[in-house]
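Encoded as structure tokens, the structure appears first; notes follow it.
Along the sequence shown, residues carry numbers from 1.
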Amino acid sequence: QAIAALGAVVVGVVSIARTRGIGEWARWTWAAAGLLSVYLMSIAVVGVVATQVGGAIGTEELQTQGQVALSVLWAVLGLAAFVAGLRLEIPDLRHGGLALLALATAKVFLFDLAALDVAYRVISLIALGLLLLASAWVWHRLQHGQGHGPRGDHAPT
């Protein structure tokens, strides 16, 4: 019920942002819609993992899995927003994606690594590293593809 209510709020904020057009208020409204959407998806992911209570997996293990799933969600959403911001040339979306990637990175290092077993630590760090490398590769590829940087300069050789 709470997820449905929050989903309705997200839809309402997005509809307000669409009617605002271009301007400072529209920018803040889109940011609020993005934050609420990430929060809604976070609640949904942790809720899905929590529904496994009572099975063969213990409650503590489910909490750990929920936190890992949350970190993965944030990293994937951050990468998606970053790439979309680059492709669509929307700086706020690109910056939001980078902020979400940074938040996921901080969460993995400060929280997840302290609570995870060794195998989960290795998997988390490898997955996060791959996502960060993918982000850097996309950034580099798009920057050089648009004629910027060392290869795109028109200086005489």
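- Applying the side chain to side chain donor-acceptor pair (under 3.5 Å) rule to S71 yields the partners K107, D112; only residues at least two apart in sequence or on another chain are considered.
- The same ILVMFWY cluster, assembled from side-chain heavy atoms under 4.5 Å apart, contains both L131 and F82.
- Considering only heavy atoms from C-beta on, F109 comes within 4.5 Å of L125 through its side chain.
- Smallest separation of non-hydrogen atoms from G78 and L100: N-CD2, 3.7 Å.
- The same ILVMFWY cluster, assembled from side-chain heavy atoms under 4.5 Å apart, contains both L79 and W137.
- With contacts defined as side-chain heavy-atom distances shorter than 4.5 Å, the pair S42/V38 qualifies.
- Residue V46 is not grouped with residue L40 when hydrophobic side chains (ILVMFWY) are merged at heavy-atom distances under 4.5 angstrom, including chains of intermediate members.
- Sorted by first then second residue, the side-chain hydrogen bond (donor to acceptor under 3.5 Å, both in side chains) pairs that include residues 91-102, not counting sequence neighbours, are R27-D92.
- For the side chain to side chain contact (heavy atoms under 4.5 Å, CB included) with V108, the lone residue among L113, V68, V72 that qualifies is L113.
- The shortest heavy-atom contact between A75 and A104 is N-CB, 3.8 Å.
- Linking Ile, Leu, Val, Met, Phe, Trp and Tyr whenever their side-chain heavy atoms come within less than 4.5 Å leaves L101 and V83 in two separate clusters.
- Note that CG of L93 and CG of L88 are 7.0 Å apart. Values are rounded to the nearest 0.5 Å.
- In this structure L35 satisfies the side-chain contact (heavy atoms from CB on, under 4.5 Å) test with no other residue, sequence neighbours excluded.
- By the criterion of side-chain heavy atoms lying less than 4.5 angstrom apart, applied directly or through intervening Ile, Leu, Val, Met, Phe, Trp or Tyr residues, L73 is grouped together with L103 in one hydrophobic cluster.
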